[in-house]
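Both counts, for ligands and for their atoms, begin at 1 and track the order of listing.
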Amino acid sequence: MLTVHHTPAITPTIRTPREIETDLLIFPVFEHDTLKDEPDLDTASGGEIAAALARREVTGKAYDVFLTTLRGWKSPRVMLVGAGSRTAFTADVLRRAAVAAGLAARARGVTRVALIHRSETSVPPERAAQALAEGAVLSSFDAASYKTADATRVWLTDVQLRVGPQSAGVDAAIERGRVLGECTNLARAMANEPSNRLTPRLFADRAQAVAKDAGLSVEVFDEKRIAELKMGLLLGVARGSAEPPRVIILRHEPKTGAKGPVLGLVGKGITFDTGGISIKPADNMDKMKDDMSGGAAVLCAMAAISRLGAPVRCIGVIPLTENMPGGSAIKPGDVLTSAEGKTVEVLNTDAEGRLILGDAVWYARQLGATHLVDVATLTGACVVALGKYASGLFGRPDAWRDRVRQASERAGDRTWPMPLFDDYFDLFKSEIADFANTGGRAGGAITGALFIKQFAADLPWVHIDIAGTAWAEDAKPYQPKGPTGVGVRTLAELALDGEAWGKL
Ligand code: BES
Ligand code: MN
Ligand code: ZN
């Protein structure tokens, strides 16, 4: 596989824009902006900027870009990137503007840029530094990983950030942004891999490499160990495939050795979902190579958590298998016994994610998790409910769900709360077993979540359905088509905030 992402060197600078040595200076520009607070910029552009503002070629519309040359400054060129209205400006907009500018720079063959945080905005320097660093790294990703003609590919190599006065807080924020961006790109690269290049065993190999790099402890359970643990739901799904299943366990211990809460992160790792015997239609089935995006999000979030030294203990559990219709595959009506002992009638073999998550969530509890979050490309119904721009957020108690929501806001991963009324659970009635694995079409995202809830006992638990958000179907200036790495930054931000929610 070719290199698909590249992390540039990112350094803070306190030089004035005129003195910054780079190939392209990048300024956000707002609606109704005059840029009067950036002295001599228009003069250096030979009046091009004022002219572009006057003819409304530059309006500040979010993520539009405009380039022109500069004379007498150390940078030969400048890019104005739209940042929308000043009153609606947030770190999220700034991150997106940085991605849009980075992508536009790369498209023009530029490798060295400097991003300027405008003064007089409501985003403080540290938030800006993190958002800009994240955006710069996120823009250095390319999904065309198996194209053999790679000559035109350009990566950002040097990024300078001018956010305000120098401080330890700004340095730490840049590091946070760089690591979060890099780990998001790692998850995007994994989700992008076709299923023949990322089987459960190959995923486990990568997890070992990622964990070693990040200083995480890692264990990989093979099919024998999984059988000893009696994970009948995972083994049931794996029966249809020639590839054996795996379970990955990752552990992060904070430096302080603090007791306190244990965050259990569980990610769906279906490396390909054919639907099994309840087989999916051929159209778009190729998309089901990304059905391990939740698993990749947990792995890469754990890497970020370790590299950034999050203050809480964290455990990652990733159940991995293909969902295939082989000769030994489970069939509709089959009854499986979960590791916990609950029996499940499999009415639809395409509802496989909840099965493997059932055993994995139970196992996270056995390992001592006190707070649970699972991330999964779980249901088409969630895509119907929320579309492609927000993940479904389910969980209890509300206080825990709201913490995860806040983490997702900081991360720029949008989530939206969905209900979990018990009434929906009646849909899972089985004549033969404790319950069935599907609840019909109505409220499909909710019933999927309620199935997983059965395995969380009484722990604070949240489920994030990323079926709609893991893969971008339409290119946007701030989000190219392809894998998004959704969930990585949410989980990492949650762990970094552990001291605050640990008392819940
Ligand atoms: N991996 C799919 C969910 C999915 C669908 C993700 C579309 C991304 C885009 C999941 O395993 C699945 O097949 N779910 C079924 C559940 C149903 C059989 C109860 C679905 O959504 O149709
Ligand atoms: Mn499925
Ligand atoms: Zn699936």
Side-chain angles (χ1 to χ4, degrees), residues 191-192 195 198 200 203 233-234 236-241 245 266-297 318-325 329-334 344-360 374-392 394 418 424-425 427-430 435-452 463-474 482-484 486-487:
N192 198 41
S195 73
L198 196 73
F203 189 119
L233 302 183
L234 172 58
V237 175
R239 284 183 62 92
S241 171
V266 182
K268 172 176 172 179
I270 295 288
T271 60
F272 195 83
D273 183 9
T274 65
I277 295 298
S278 314
I279 198 159
K280 289 181 182 294
D283 273 2
N284 292 322
M285 200 204 272
D286 55 292
K287 291 279 150 51
M288 285 298 127
K289 70 175 185 178
D290 81 346
D291 211 19
M292 34 52 70
S293 296
I318 308 169
L320 290 157
T321 178
E322 293 184 330
N323 186 23
M324 295 284 286
I330 49 167
K331 300 169 282 298
D334 285 2
V344 179
E345 181 184 13
V346 179
L347 288 178
N348 188 322
T349 65
D350 199 9
E352 84 296 342
R354 61 197 71 184
L355 294 174
I356 70 169
L357 288 168
D359 277 340
D374 79 74
V375 186
T377 46
L378 201 75
T379 65
C382 192
V383 192
V384 174
L386 293 173
K388 303 275 302 167
Y389 305 113
S391 305
F394 306 81
M418 302 274 279
Y424 291 97
F425 197 74
L427 298 167
F428 282 109
K429 276 208 184 93
S430 166
F435 42 87
N437 76 328
T438 63
R441 279 170 60 82
I446 300 168
T447 52
L450 280 168
F451 185 95
I452 301 170
H463 159 67
I464 308 177
D465 193 333
I466 58 168
T469 49
W471 198 270
E473 230 59 86
D474 319 300
T484 63
V486 66

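- Heavy-atom distances between Met288 and ligand 1 reach below 4.0 Å in at least one pair.
- Atoms OE2 of Glu352 and OD2 of Asp273, as seen from the Zn ion (ligand 3), are separated by an angle of 90°, to the nearest 10°.
- Atoms CG and CG, on Asp359 and Leu233 in that order, are 4.0 Å from each other to the nearest 0.5 Å.
- The closest protein non-hydrogen atom to atom 18 (C) of ligand 1 is Asn348 ND2, 3.4 Å.
- Here the CZ atom belonging to Phe272 is positioned 10.0 Å from the CG atom belonging to Asn323, to the nearest 0.5 angstrom.
- Near Glu352, meaning under 4.0 Å from one of its heavy atoms, ligand 1 places the atoms 11 (O).
- Only the side chain of Lys268 comes within contact range of ligand 1, with a heavy atom under 4.0 Å; no backbone atom does.
- Nearest protein heavy-atom contact of atom 14 (N) of ligand 1 is Leu378 O, 3.4 Å.
- Between Leu386 and Met418, some side-chain heavy-atom pair lies under the 4.5 Å cut-off.
- Within the coordination shell of the Mn ion (ligand 2), defined by N, O or S atoms under 2.8 Å, Asp350 is present.
- Here the protein heavy atom with the shortest distance to atom 12 (C) of ligand 1 is Asp350 O, 3.2 Å.
- Of all the atoms in ligand 1, the ones that sit under 4.0 Å from a non-hydrogen atom of Ala467 are 6 (C), 8 (C).
- Here Ile270 fails the criterion, with no N, O or S atom under 2.8 Å of the Zn ion (ligand 3).
- For the Zn ion (ligand 3), the nearest N, O or S atom contributed by Asp291 is named OD2.
- Atom 2 (C) of ligand 1 has Asp273 OD2, 3.6 Å as its closest protein atom, hydrogens excluded (heavy atom only).
- Salt bridge Lys268/Asp291: present, at least one basic N to carboxylate O contact under 4.0 Å.
- Once rounded to the nearest 0.5 Å, the distance linking CE of Met324 with CG of Asp273 reads 10.5 Å.
- Rounding to the nearest 0.5 angstrom, the gap separating the SG atom in Cys382 from the CD1 atom in Ile446 is 9.5 Å.
- Summary of contacts: the protein heavy atom closest to atom 1 (N) of ligand 1 is Asp291 OD1, 2.9 Å.
- Asn192 places no side-chain N or O within 3.5 Å of a backbone atom of Pro483 that could act as its donor or acceptor partner.
- Checking Thr377 against Ser293 by side-chain atom types alone, no donor-acceptor pair falls below 3.5 Å.
- Rounded to the nearest 10 degrees, the angle OD2 (Asp273) to the Mn ion (ligand 2) to OE1 (Glu352) equals 100°.
- Distance from atom 21 (O) of ligand 1 to its nearest protein heavy atom, with residue and atom name: Gly380 N, 2.7 Å.
- Considering both main-chain and side-chain atoms, Thr379 never comes within under 3.5 Å of ligand 1 through any nitrogen or oxygen pair.
- Heavy-atom contacts of Thr438 reach the following atoms of ligand 1: 19 (C) (cutoff under 4.0 Å).
- A side-chain donor-acceptor contact under 3.5 Å links Asn437 to the backbone of Asn348.
- Note that the CD1 atom of Ile270 and the CD atom of Glu322 stand 9.0 Å from one another [nearest 0.5 Å].
- Summarising the geometry of Val344 relative to Ala436, their closest heavy-atom pair is CG1-C, 4.1 Å, with the distance given to 0.1 Å.
- To the nearest 0.5 Å, atoms OG1 (Thr349) and CD1 (Ile277) are separated by 6.5 Å.
- Each of the atoms 1 (N), 2 (C), 3 (C), 6 (C) of ligand 1 lies under 4.0 Å from some heavy atom of Thr377.
- Residue-to-ligand polar distances keep Arg354 apart from ligand 1: every N/O pair is separated by 3.5 Å or more.
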